[in-house]
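What follows is one structure encoded as structure tokens, with my remarks underneath.
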Amino acid sequence: MQLSRRTLLTMLPASALLAVAAPLRARAAGRPTAASAGGAAEPGAGHAAILANTVAIFAGTDESNARPEVAAKLAAITSTARTRLAALDGAGPGELFKGVALGTSDANLNTSYQYLYEIALATRTPGPAASDLRDNVSVQRRVIDGLVLLHDTYYGDQSKGYYGNWFNWEIGISASVSKTLVLLKDELTAYKPDLTTTYVSSMDAYLRNGKDGDVDLDSRFHTGANLADITTNRILQGAVTGDDARVVKAVADQLTVYATVDPYRPRHGVTDGFYADGSFIQHDSVAYTGSYGKVLLTRAVQTVKILEGTDYISTDTHSGAGSGTGDLVAVVRGWVADGFAPLIFEGWMMEIVKGRGVSRTATGYTDVAVVVEAVVDLSGHSTGADATALQAYVKSVRQTSKAALDPAVFVSPVSVARYADILADTSVPAADLGDAESHTAFNAMDKTVHRRPGYAFALARSSDRISKYEYMSGENLMPWFQGDGAHHLYLAGQDQTRSFGIDYYTTVSPYRLAGVTAPVETRRTIPELYGTAWYDNPERGFTSSSESQNTYVYFPRGTNSLSGGARLGAFGAVGLVLGDDVAYAAKQAGELPDDFVVHRNATATKSWFMLDDEIVVLAAGVGDAAGRAVTTTLDSRIAAASDAVTVTGRLRDGATWPGVGGGGGGTAPGPVAWLRYADAGQGIAVGYVFLDGGGDSRPTVALDTVTRSRRVVRTSNPDTPVTKRVFSLSVDQPAGARPLSMAHALVPNATERQLKAYGAGRGPLSVVANTTRVQAVEHRGLSLLAANTFTPGTHRAGRLSIDGAASVLLRTSHDGTVSVAVCDPTMARNTVSVTVRGRRLRAVSSDDGVRVREVPGGTRIDVDTHQTHGRSLTARLR
């Protein structure tokens, strides 16, 4: 059997790394181990290698920095340092750097330490035409004097420190200080020999969410990317002070981050990290691959590079389980293939996994630069087919991205040189890590990605397991519906900054995100409600980083349990029952203060069936139990104000839709057969086919010119006005209206000819059922039947009879074999039973836990879904 690139990269289990941690902990505690008895290197023998490796990562080497491709990176390092030195010269009272006031702002204190690091870095950066900053003792001593001033005045007194964001005190400041101590180790020894140990002692004291000045694996703060950050800092601290026990324990602690999370048997109660289906979670419940996941990826690769040539864990990439860094490289390759690559479309990081990062001005293309650097470095620590697959992926991202990647943004000059080598290697063709036709069910984080050569469809869901959104620190101010079935439809060949990113969230109403059903009401942001970036009520347990703040303000989960779906090859079905968030439920139960504001959700049961040319969306029970008006937005798209945008279509009676071009819009005068959105400026089009089983189908079309400031979504964004043409296609229900059913298909890149075929009844799609109990569609051209069921009892959909809540796909091949995929979207059922009615079938193959037997009138498939965490199980029948 020929293995795919993705399979090659993900064969080694992450659990192998945990076997390495035990002897490391014994070594840290000073206990003899088999390795030490067998003649392992003396403690501290790897410290010099760690220091040299770290300097090489951030400053580069003589060899890398001699490359012409690295010149721009070196120039950026030098330019940044000169800018910081000028700010140092211009500082006023209460400042170390001009304009960065100290005393009450933890963010400014963190920034001041970062600036010192950036100056120190320039003094250690080699190059063919080294600047006057290189090895400049005077400049290095200015940095050291700055460290002394900050410690003596703003940092060293722990009784006055630790205000604001815990992250700055436990991670951010320590990261800049630790790297600066490494870079200036020799000059510190000569000039201020006690300063390093003084700082390490203070950094320990600020680990207040740890234990005895060290990591606490049971702390909710010391998990995932945060734990990787903290332990990387401690590895550097141990190397620079010669504290081998610190290094060894930090490595052992960090290895726990790389084990695949088992949600049924979490270690130390931690649910942060990567899951078997490629999902990544941080903060217990936030889908976060595109933000914290990037941080963890970077730290993991840097750990490989920092520990290279040491005896802390083996660097042999060829050996088997327990080989240490070799295993770590294999694990991280799996993250790239399973976790990152499906979420990157033509060089763009999808918004559904960026948390509050969607409100930042950096683009999805910028996000991917971090991933590319990690992949570049991974390829250098891989061999054979693994290395080739990674190099091919780097080339693929470069070729498909609509924004040129500037390697000067890479952290390491060495990575810049290696990137240039990959691009210049003509023996490696560009190739994605995944297939052009794929369906990825990230059910562990309630996200789905469906890809075809012409588009990618990304769906964001939520549940009582996964947060509806993330708001924090004045970022992502209007996030309320981002996890309620919101979707992004990315079209191939398009510059995604023109359709999505910060300008999409700035100009599209938060109540009219594509795919969302929302009550018609006006909500206020957290700063508007409470005057601060959080709800402040210490007496009731609400402080800036308390668990209550996390639970009810920053990233509230839903109250619904059904969210998930099945995958059969490159096809998928997903179901979601909208629910209120936990804050609303807690307020109704009298568990929250009277002044804490909560919001009630609308109601809807929804399904998405993801095929080749279509994404079919069914909705039933759409309305509001409180009698409010409700809007269901089928799609929203943005375009440049100057783009020639048109909306055309046809009614079911054959009449031509009046069309929208210059602006405005309106409600259809009668039931609609299809509509087509076209943006000539971008050369894109999307079709909307209204299917039988979806009610009266009289949508409202709006095409408005909208101008808003980017600051409306993030308080720290520049007050930059953005003007876009905003297209919205919605179904509007007045207050008190009865619940509706809807059925439509999104048709990416649709032509009018293609849409007319659907409208004339010649299309391949039909709605089999659309109620709050069962939703199903059939695609005759694909010989595919797909169904979601939502309630207890027996449900019928075409040939299928399904017991209880489930997601099922059935497809008949040309050779007569029948393939079935089953998923438990509640993640709470022990068994799901499905009967395929008709002639009896026997099992040709099946996954473990799937049993097939004949029953009167058909074939029964019993699927053991106990602790499968939303994974699809399949059977092939004949």
Side-chain angles (χ1 to χ4, degrees), residues 1 277 439 441 443 562 564-575 607 609-611 616 618 693 764-878:
M1 178 181 67
D277 66 0
H439 180 89
N443 282 331
L562 197 148
R567 179 182 71 87
L568 180 62
F571 302 104
V574 181
S607 289
F609 301 105
M610 303 178 197
L611 311 174
V616 182
L618 304 187
L765 282 171
S766 61
V767 176
V768 176
N770 186 16
T771 70
T772 57
R773 298 184 71 248
V774 56
Q775 294 175 336
V777 298
E778 185 174 15
H779 193 291
R780 292 180 294 279
L782 297 173
S783 298
L784 180 71
L785 174 64
N788 291 320
T789 52
F790 301 93
T791 57
T794 300
H795 309 282
R796 290 198 170 189
R799 297 174 62 190
L800 294 172
S801 179
I802 304 167
D803 178 38
S807 181
V808 182
L809 293 164
L810 180 148
R811 191 181 190 199
T812 304
S813 300
H814 294 300
D815 63 2
T817 58
V818 175
S819 297
V820 181
V822 179
C823 160
D824 168 23
T826 71
M827 300 192 186
R829 302 189 64 190
N830 291 328
T831 304
V832 172
S833 297
V834 177
T835 299
V836 181
R837 297 197 302 275
R839 59 193 177 94
R840 296 177 181 179
L841 304 168
R842 60 178 177 81
V844 176
S845 62
S846 63
D847 290 335
D848 291 341
V850 178
R851 299 173 299 280
V852 179
R853 59 190 174 93
E854 294 182 1
V855 295
T859 305
R860 183 180 174 96
I861 306 168
D862 294 310
V863 181
D864 182 3
T865 55
H866 177 64
Q867 295 190 353
T868 54
H869 209 61
R871 179 167 56 92
S872 294
L873 298 176
T874 62
R876 187 164 169 261
L877 315 173
R878 186 186 298 278

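By convention here, the first residue in the shown sequence is residue 1.
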Q.
Quick one: does any side-chain atom of R773 pair with a main-chain N or O of H795 as donor and acceptor, under 3.5 Å?
A. no
Q | Atom of V832, atom of A805 and distance for their closest heavy-atom approach | A | CG2-O, 4.3 Å
Q: Assess whether side chain to side chain contact (heavy atoms under 4.5 Å, CB included) is satisfied between V844 and L877, documenting all intermediate values.
A: CA-CA 5 Å; V844 176; L877 315 173; 5.8 Å; no
(Q) Go through it in stages, so that I can follow the logic: the residues are V822 and L873, the test is side chain to side chain contact (heavy atoms under 4.5 Å, CB included), and I'd like the CA-CA distance, side-chain angles, deciding distance and then a yes or no. (A) CA-CA 5 Å; V822 179; L873 298 176; 5.5 Å; no
Q: Mind checking the CZ-OG spacing from R876 to S845? Nearest 0.5 Å is all I need.
A: 5.5 Å
(Q) To the nearest 0.5 Å, what is the distance between OG on S607 and CG on N770? (A) 8.0 Å
Q) Can you name the nearest heavy-atom pair linking C823 to G870, along with the distance? A) SG-O, 3.3 Å
Q: Taking all non-hydrogen atoms of both residues into account, name the closest pair between A573 and N788 and its distance.
A: CB-OD1, 4.0 Å
Q. Any donor-acceptor pair under 3.5 Å linking the side chain of R567 with the backbone of G569?
A. yes
Q. Can you tell me if T859 uses its side chain to pair, donor with acceptor, with the backbone of L841 under 3.5 Å?
A. yes
Q) Once you round to the nearest 0.5 Å, how far does CG of L568 lie from CZ of R811? A) 7.5 Å
Q) Does the D824 side chain pair with the main chain of T865, one donor and one acceptor, at a distance under 3.5 Å? A) no
Q. Under the criterion side-chain contact (heavy atoms from CB on, under 4.5 Å), which of I861, V863, D864 is the partner of R851?
A. D864
Q. Between OG1 of T794 and CD1 of I802, what distance do you get to the nearest 0.5 Å?
A. 10.0 Å
Q. Counting only N and O atoms by type, is there a donor-acceptor contact under 3.5 Å from the side chain of D277 to the main-chain atoms of N443?
A. yes
Q.
Salt bridge check, R871 against D848: does any charged N sit closer than 4.0 Å to a carboxylate O?
A. no
Q) Is it true that a side-chain atom of S807 and a backbone atom of A566 form a donor plus acceptor pair closer than 3.5 Å? A) yes
**Q.** Inter- and intrachain pairs under side chain to side chain donor-acceptor pair (under 3.5 Å), touching residues 834-844, at least two apart
**A.** R840-E854
**Q.** Nearest-0.5 Å distance that lies between atom CG in L785 and atom NE2 in H779
**A.** 12.5 Å
Q.
Please check: side-chain N/O of D847 versus main-chain N/O of T874, any donor-acceptor pairing under 3.5 Å?
A. yes
Q: Write down the atom of L809, the atom of A786, and the distance for their closest heavy-atom approach.
A: CD2-CB, 3.3 Å
Q) Counting only N and O atoms by type, is there a donor-acceptor contact under 3.5 Å from the side chain of S813 to the main-chain atoms of D815? A) no
Q: Mind listing the closest non-hydrogen atom pair of F790 and V774 along with its distance?
A: CD1-N, 4.2 Å
Q.
To the nearest 0.5 Å, what is the distance between OG on S783 and NE2 on H814?
A. 7.0 Å
Q. Are any non-hydrogen side-chain atoms of V820 and V808 less than 4.5 angstrom apart?
A. yes
**Q.** Distance-minimising heavy-atom pair for F571 and L611
**A.** CD2-CA, 3.8 Å
Q) Should the pair R829-D803 be classified as a salt bridge under the 4.0 Å nitrogen-to-oxygen rule? A) yes
